[in-house]
Amino acid sequence: MSVSSSTPRYKRVCLKISGEALMGSKEFGIDLDTVERIAEEVKQARDLGMEICIVVGGGNIFRGLQMAAKGMERASADYMGMLATVMNALGLQNALESIGVETRVMSAIEMTAVCEPYIRRRALHHMSKGLVVIFAAGSGNPFFTTDTAAALRAAEMGCDALMKGTQVDGVYSADPKKDPNAERFDHLTYMDVFKQDLKVMDQAAIAITRENGIPIVVFSLADGGIHGALTGSGRFTVISDN
Ligand code: UDP
């Protein structure tokens, strides 16, 4: 879907940024140039009057499931994964604040020396004041993903959309990097995603957004992608019931 406009399509959004998106072209960790670019695009959208919260992943540092597959106890590995998201959240906070965007990091696992604990009503207050709230430590529970945490926070914050940044400019029937015949969709229903088993977000995340009528906007995190999706001027797939 491509809409030519620089006005925001939604007033309040939850932006899901995976840990991998922060790596840039690196194999691991955080690429500062990439984080700065992402921060700049978030700032542009914030300057248009949007209320933005961000759920950040941790896959660039640690993935619980991968370590569990190597023999580590799953719950402990997942807690390590959640701690990785806190590092990313602090990196993103630093990049945003260095360009004048006031932020709060709120962690689902209490860590009061480095950030605020997640308190829903306080987060809502920050958002209504125009602060960018970065949610760290996922849902605070093992056996979940940050995609599910993003759906949860989007519902709790009363967001108008859940914006899911990926490597490509929307949802395809197959991986377009591997299959040149992959079909790209402008719009899908939640049921399409379930029935066709499309790899967009995990099923728990889809279920939460569907139950709460929150559209998912899938877009590319490449240069300009965040701004394009937030304002509607870029290319993206919308998943909703209508
Ligand atoms: N995680 C978790 N519970 C949550 C969110 C995340 O246990 O609510 C753990 C899980 O181990 C996951 C890791 O944190 O592998 C990093 O999150 P995720 O893989 O979702 O990050 P992303 O793929 O977005 O970078």
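In each ligand, atom 1 is the first atom listed, and ligand 1 is the first ligand listed.
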With [X], which of [options] fulfils side-chain contact (heavy atoms from CB on, under 4.5 Å)?
X      : options                        : value
Ile54  : Val105, Val42, Ile38           : Val42
Thr148 : Asp202, Val55, Asn141          : Asp202
Thr237 : Leu188, Val200, Val193, Asp186 : Leu188

Region of [X] that comes within reach of ligand 1 [heavy atoms, distance under 4.0 Å]:
X     : answer
Val56 : neither
Phe62 : backbone
Lys16 : side chain

Roughly how far apart are Arg104 CZ and Met127 CE, rounded to 0.5 Å?
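Output value for this atom pair is 13.5 Å.
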
[atom]: which protein heavy atom is closest, and how many Å away?
atom                    : result
atom 18 (P) of ligand 1 : Thr146 OG1, 3.3 Å
atom 21 (O) of ligand 1 : Gly58 N, 3.1 Å
atom 5 (C) of ligand 1  : Thr145 C, 3.4 Å
atom 15 (O) of ligand 1 : Gly64 N, 3.1 Å
atom 13 (C) of ligand 1 : Gly81 CA, 3.6 Å

Carboxylate-amine/guanidinium proximity below 4.0 Å for Arg63 and Glu20
yes

Would you indicate which of [options] comes nearest to [atom] when only heavy atoms are counted?
atom                    : options                      : answer
atom 22 (P) of ligand 1 : Ala205, Ala108, Gly59        : Gly59
atom 9 (C) of ligand 1  : Ile17, Asp78, Asp147, Asp202 : Asp78
atom 23 (O) of ligand 1 : Glu20, Met23, Arg63          : Arg63

Atom indices of ligand 1 within 4.0 angstrom of [X] heavy atoms, with elements:
X      : value
Pro142 : 7 (O)
Ser139 : 4 (C), 8 (O)
Gly57  : 21 (O), 22 (P), 24 (O), 25 (O)
Asn141 : 2 (C), 3 (N), 4 (C), 7 (O), 8 (O)
Gly19  : 22 (P), 24 (O), 25 (O)

Can you list everything that forms a salt bridge (Lys or Arg N to Asp or Glu O under 4.0 Å) with Asp175? Sequence neighbours excluded, please.
Lys178

Validation row: Met50, Arg12 side chains within 4.5 angstrom (heavy atoms)
no

Taking the side chain as C-beta and beyond, is there a heavy-atom pair between Glu110 and Thr112 under 4.5 Å?
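Yes - at least one pair of side-chain heavy atoms lies under 4.5 Å apart.
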
Could you check whether Thr85 and Asn88, counting side-chain N and O atoms only, form a donor-acceptor pair closer than 3.5 Å?
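No, Thr85 and Asn88 have no side-chain donor paired with an acceptor closer than 3.5 Å.
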
Please list all pairs passing the salt bridge (Lys or Arg N to Asp or Glu O under 4.0 Å) test where one or both residues lie in residues 140-157, with sequence neighbours left out.
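Every pair satisfying salt bridge (Lys or Arg N to Asp or Glu O under 4.0 Å) with a residue in residues 140-157: Lys16-Asp147, Asp147-Lys164, Arg153-Glu156.
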
Do any nitrogen or oxygen atoms of Phe144 come within less than 3.5 Å of a nitrogen or oxygen of ligand 1?
yes

Judging by distance only, is a nitrogen or oxygen of Asn60 under 3.5 angstrom from one on ligand 1?
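By distance alone, the answer is no.
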
Taking the six-membered ring for Trp, is the centroid-to-centroid distance between Tyr172 and Phe185 below 6.0 Å?
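No: the rings miss the under 6.0 Å criterion.
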
